[in-house]
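As structure tokens, the structure follows; a few thoughts come after it.
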Protein chains: 2
Amino acid sequence: MGSYEKKLREFLLQGDRNFLPHISIDCVIFGFHDNQLKVLLLKWKDQGSWSVPGGFVKRKESLDASAKRVLKERTGLKDIFLRQFQVFGDPHRERGKKSFKIIGTSKSWIMDRFITVGYWALVEFSKVTPRPDWLSDECQWWDVQQIPSLIYDHNSIVTKALEALRLSLNDQPVGYNLLPQTFTMPELQRLYETILGVSLDRRNFQKKMLALDVLERLPERKTGGAHKAPFLYKFDKKKYERAMQKGLSFGFQ
Amino acid sequence: MGSYEKKLREFLLQGDRNFLPHISIDCVIFGFHDNQLKVLLLKWKDQGSWSVPGGFVKRKESLDASAKRVLKERTGLKDIFLRQFQVFGDPHRERGKKSFKIIGTSKSWIMDRFITVGYWALVEFSKVTPRPDWLSDECQWWDVQQIPSLIYDHNSIVTKALEALRLSLNDQPVGYNLLPQTFTMPELQRLYETILGVSLDRRNFQKKMLALDVLERLPERKTGGAHKAPFLYKFDKKKYERAMQKGLSFGFQ
DNA sequence: CCAAAAGTGTTGCCTTTACACCCATGT
DNA sequence: ACATGGGTGTAAAGGCAACACTTTTGG
């Protein structure tokens, strides 16, 4: 019996010593690259099917801590911006019923009913090194418009996460957490357009964004691209935090 | 041993045959009466402390169904408007640790760690007959401004529910679910003012509200009060649903 | 007849939207 | 030189807030 089989067997039989039964968490991790909103997905070893990264809650660990642990394991990042958005508690959602039969443990805590706490998270794409967990063999970014068919209700989890992200766009520092340190105004605009699924007027967008008084224009421009070189901006952290406290409204649409 | 003690003993020892362990739900039930926003609270038999109505999730029951069951038991109403708003998963929140010692069952599923799914619900005050559950001896409305000290983290649950309600005020049919069939414009205004915690201009409020085109003015006026008799209104269900689908915005503030 | 509440309409301001011209860069 | 994208300003429209006068009712 290989090391993987051994580990899996122990996890299936005794995982509930460390973890709370019936409760899991799932994280929809958003990144932004090539003017596209992306989601990080895992491919399971045995089945080849894709899922959102998730995990279980240690017996003495808060839910947020569980989510942060999962996020760190999959992305290598700590201090990730994350938000709980919904609990999925359909009695028919069952984790691993099919997937673990092969092992021959007919009875495992993991085959019971699970409710899962959904989180969405924002990461800076370039800083992430996607890492599969021990149950999966791939961890990869997917364009949010081209998500494959996922296990259980994970497609619906991604959809709901995207809705939650849209609603948060007005009062959460979404741009701040998705973009690299410096970025151009058109890039910021694509970000908003991709998340909202609409196109916005270039000039009005810039006006509104600058009026928030949270951006700082850098002396350099972004070179290398074709056409006129756009200015580079970064978020002015002090102004940003002051504005967030006062209740910033990024209101578009 | 009395019937209550017997029931309690069985519940503590074997409740997890019917219910999922580690998971509970709590419902913050809002009503509106005497121009005040109210919350329905329970007083526990043994301790005399107050809490939000809650319950557990049956093994084959969805979370929403659990919440609806609790709401029906406490208010007598079915088809209640409710929304999940947050999960409270601090490892230190413990249900009933103190309260059940007296019974002498040193080990019960109920003394384990619990995570709880928070729901807020809107009911029409006059239709509710508050009913205590078998663990409590009072079930009573409290003014939202004068909530007493509650068990565990229930004060924070109420606060968060109120915040969630405020945020929903713009796109959820809050007035529709809190007010009786017919109501006056000033009453509707008090509702908004109480929830938002601000005062609004009478004339602009009426204009904005009527512009939504979801209200129907009735031929009668509300008589009996002092001063000029205000008109009665009701929500026009068809218009209302059409407007909700299109994404109604009750935007105030 | 007076105080207190309700019904209604107008004005000015400010935010949002629509739109046009010039500039820079790679092909 | 030209196509493409980026930077900026202005004018019209629409929404929102401020505000005053009249009407009704109970005491």
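Chain letters run A, B, ... following the sequence lines, proteins first, then strands; residues in each count from 1.
When the P atom of C:dA18 is taken as reference, atom CZ of A:F205 falls 16 Å away, rounded to whole Å. In this structure, CG of A:L218 is placed 16 Å from C1' of D:dG7, rounded to the nearest angstrom. Atom pair A:R203:CZ and C:dA20:P shows a separation of 8 Å (rounding to whole Å applied). What separates CD of A:Q206 from C1' of C:dT17 is a distance of 16 Å, to the nearest Å. Between the P atom of C:dG7 and the CE atom of B:M185 lies a distance of 8 Å, rounded to the nearest Å. In this entry the distance linking NZ of A:K228 with C1' of D:dA3 reads 15 Å, nearest Å. Atom CZ in B:F231 sits roughly 14 Å away from atom C1' in C:dA5 (whole-Å rounding). A:H227 has its NE2 atom 13 Å from the P atom of D:dG7, to the nearest Å.
Here the closest heavy-atom approach between residue B:V174 and residue B:L122 is recorded as CA-CD1, 3.7 Å.
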Polar-atom pairs under 3.5 Å, protein N or O versus N or O of nucleotides 11-13 of chain D: list them with distances, or write none.
none

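Among the nucleotides D:dC19, D:dG7, D:dT25, the one closest to any side-chain atom of A:P186 is D:dG7.
Residues passing the side chain to side chain contact (heavy atoms under 4.5 Å, CB included) test with A:S199, sequence neighbours excluded: A:E193.
Ion pairing between a basic and an acidic side chain is recognised when a charged N comes within 4.0 Å of a carboxylate O; A:R166 and A:E163 show no such pairing. Between A:E187 and A:R190 there is no salt bridge, since no side-chain N of the basic residue sits under 4.0 Å from a carboxylate O of the acidic one. A salt bridge links B:D213 and B:K239; the closest N-O separation between the charged side-chain nitrogens and carboxylate oxygens is under 4.0 Å.
Along DNA chain D, the nucleotide closest to A:R217 and the one closest to A:A226 are compared, and the more 5′ of them pairs with A:A226.
Distances shown here put every side-chain N or O of B:R202 at or beyond 4.0 Å from the OP1 or OP2 atom of D:dA18.
Heavy-atom neighbours of B:Q181 CD from other residues, nucleotides or ligands within 6.0 Å: at or below the threshold of 12.
Ring-plane geometry between B:F235 and B:Y240 is classed as perpendicular, the angle between the planes exceeding 60 degrees on a 0 to 90 degree scale with a lower cut at 30.
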